[in-house]
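Structure first, then comments.
These numbers come from the heavy atoms of this one structure, side chains and all, not from hydrogens, waters or symmetry mates. All ligand and atom numbering here is 1-based and tracks the order in the structure.
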Amino acid sequence: MTEPLSFVHPTPESPWGTYLMQVDRVAPYLGHLSRWIDTLKRPKRALIVDIPVELDDGTIAHYEGYRVQHNLSRGPGKGGVRYHPDVTLEEVMALSAWMSIKNAAVNLPYGGAKGGIRIDPKKHSIKELERITRRYTSEIGIIIGPQQDIPAPDVNTNAQIMAWMMDTYSMNTGATATGVVTGKPIHLGGSLGRVKATGRGVFVTGREAARRINLDLQGARVAVQGFGNVGSAAAELFGQAGAKIVAAQDHTGTIYNANGFDLSELMPHVKATGGVGGFKGAEVMGNEEFWDVDCEILIPAALEGQITADRARRVKAKMVLEGANGPTVPSADDILADRGILVVPDVICNAGGVTVSYFEWVQDFSSFFWTEDEINVRLDKIMVGALKRIWEVADQHHITLRTATFTVSCERILQARVERGLYP
Ligand SMILES: NC(=O)C1=CN([C@@H]2O[C@H](COP(=O)(O)OP(=O)(O)OC[C@H]3O[C@@H](n4cnc5c(N)ncnc54)[C@H](O)[C@@H]3O)[C@@H](O)[C@H]2O)C=CC1
Ligand SMILES: O=C(O)CCC(=O)C(=O)O
């Protein structure tokens, strides 16, 4: 009998609670592997670190940082690092577990990991962010490495932060180790195509899902929550495919235009001002009204827990493409399924980013770099192939794409676990 973990207190709608419920739903489809299922309900390793830094005004501040390695059966840990004031150990545990599922869904030779620091990066100068990042990297340096665990960007982190992480790790170990993080600047071993890869993956899985449910992208109306790295790249690709982006929401507000935004104007506005708020080519909309917008495709690409049961009852879309990790709580998932709204779950929909991170890691090891076309073609092929397999499993068992993805991935992870054996 496995004892529950003492250090988290999940609820049905919290990230770890959501993840546990998603895992429980696959047990009936795992056959003999189901006896190993508790392996997936606890992280292999969770590190909490103190980050002391001197701020620009001379005061000393302490921040809390985390790196969680959920499962390492299939290879080194892989997953991003998030800077956000609401980051908690429980959230990072869930994000690391979703990485295990996601990496297995696209068959990458990785386990799942994730990290975070509980800070509001907008309140720090660039110099403070550099000091915080370097200290965090040194503190988690005991468990990361090109063959151990490879961080990458997530919410509020970017190529510059990855460059500082790579440099700190390299200084501490005495040799340049480009493969310790992905999502780096191009001239420091980064990969072409990584910045837009997650949004591209959302588009590719959305395009394939639309084809399967006979939804024409030409003229399709799209609503996007979160207009950062993931949401903006996905919006751009849907726009190029003939869809109209009619609504967008981020931390600066919600905007609407029934005819679709002119993305050639919206993109520079977001770049210049930091958000969609104040964009002249749209009407302002109330934040809650976003969930009532008439559209065919809804892309949550911000944070967890955004699609609640109440919002799920109001969604008008035919298809939800989860660019964010964990945007839909389980009760909402059930409502969307009952209403016949297709959900392409995070653990496959947003796997494009980590897939190109894998390409970056491979390129770093071989010191041989690919063209952007090569990257995009390989990415497309992996995403289409993975979604095809998941769709077959969903059809076979009459289950949702989320439970089908978990089934495919849990089988792969637990099979590796069994083959590796228990004893040191
Ligand atoms: N960056 C990546 O490669 C990957 C990111 N993801 C997930 O995609 C989601 C977005 O990540 P990124 O685009 O990288 O982050 P980002 O930091 O570039 O953008 C985050 C966006 O969310 C918006 N946002 C924050 N709080 C909000 C709120 N309360 N209401 C509405 N919008 C809000 C921000 O304004 C911003 O537009 C996260 O769930 C992340 O874990 C998933 C796979 C890979
Ligand atoms: O690129 C990576 O390694 C991980 C990206 C990530 O954090 C995610 O897929 O949620």
Touching ligand 2 at all, Arg82? Heavy atoms, strictly under 4.0 Å?
-> no
Classify the ring geometry of Phe406 against Tyr19: parallel below 30°, tilted from 30° to 60°, perpendicular beyond 60°. tilted
Counting from 1 in the order shown, the ligand 2 atoms closer than 4.0 Å to a non-hydrogen atom of Ser357 are 1 (O), 2 (C), 3 (O)
**Asked** Among side-chain atoms of Gln415 and Glu419, is any donor-acceptor pair under 3.5 angstrom?
**Response** yes
The protein heavy atom nearest to atom 41 (O) of ligand 1 is Asp154 OD1, 2.6 Å
Between Phe227 and His251, is the ring centre distance below 6.0 Å?
no
Heavy-atom proximity to atom 23 (C) of ligand 1 ranks first, among Gly201, Gly226, Gly79, for Gly226
Check your understanding: Is the number of heavy atoms from other residues, nucleotides or ligands within 6.0 Å of NZ (Lys44) greater than 12?
Key -> no
Gly275 near ligand 1 by a heavy-atom separation under 4.0 Å: no
| message | Under a 3.5 Å threshold, yes or no: a donor from one side chain and an acceptor from the other, between Asn350 and Thr198? | response | no
Item to complete: Kindly confirm or rule out an N or O of Asn229 lying under 3.5 angstrom from an N or O of ligand 1.
Response: yes
To atom 9 (O) of ligand 2, the nearest of Lys102, Arg194, Lys114, Lys78 on a heavy-atom basis is Lys102
Are Gln306 and ligand 1 in contact, using a heavy-atom cut-off of under 4.0 Å? no
heavy-atom search around atom 37 (O) of ligand 1 in the protein gives Phe227 N, 2.9 Å
Within the 4.0 Å heavy-atom cut-off, what Asn156 brings close to ligand 1 is both
Contact region, Arg82 to ligand 1, non-hydrogen atoms below 4.0 Å, reads side chain
Closest to atom 10 (C) of ligand 1 (heavy atoms only, candidates Ala301, Ala248, Ala324) is Ala301
Parallel, tilted or perpendicular: rings of Trp361 and Tyr358 (30°, 60°): tilted
Note: Glu322, heavy atoms under 4.0 Å from ligand 1, region reported as neither
Check: of Pro153, Gly228, Gly277, min heavy-atom distance to atom 19 (O) of ligand 1 comes from Gly228
*Could you establish whether Gly353 and ligand 2 come within less than 4.0 Å of each other, counting only heavy atoms on the residue side?*
yes
Among Leu303, Val195, Val347, Asn287, closest by heavy atom to atom 26 (N) of ligand 1 is Leu303
(message) Hydrogens and angles aside, do Gln69 and Ser96 bring a side-chain donor and acceptor to less than 3.5 Å of each other?
(response) no
Minimal heavy-atom distance between Ala309 and Ala332, with the atoms involved, is N-CB, 3.8 Å
- request: Answer yes if the side chains of Thr182 and Ser357 hold a donor-acceptor pair under 3.5 Å, and no otherwise.
  value: yes
Checklist line | Under 3.5 Å side-chain donor-acceptor pair for Asn107 and Arg74 | finding: yes
Atom 39 (O) of ligand 1 has as its nearest protein heavy atom Ala302 O, 2.8 Å
Quick note on ligand 2: atoms under 4.0 Å from a heavy atom of Gly80 include exactly 4 (C), 6 (C), 7 (O)
So CD of Glu64 and OG1 of Thr88: to nearest 0.5 Å the spacing works out to 9.0 Å
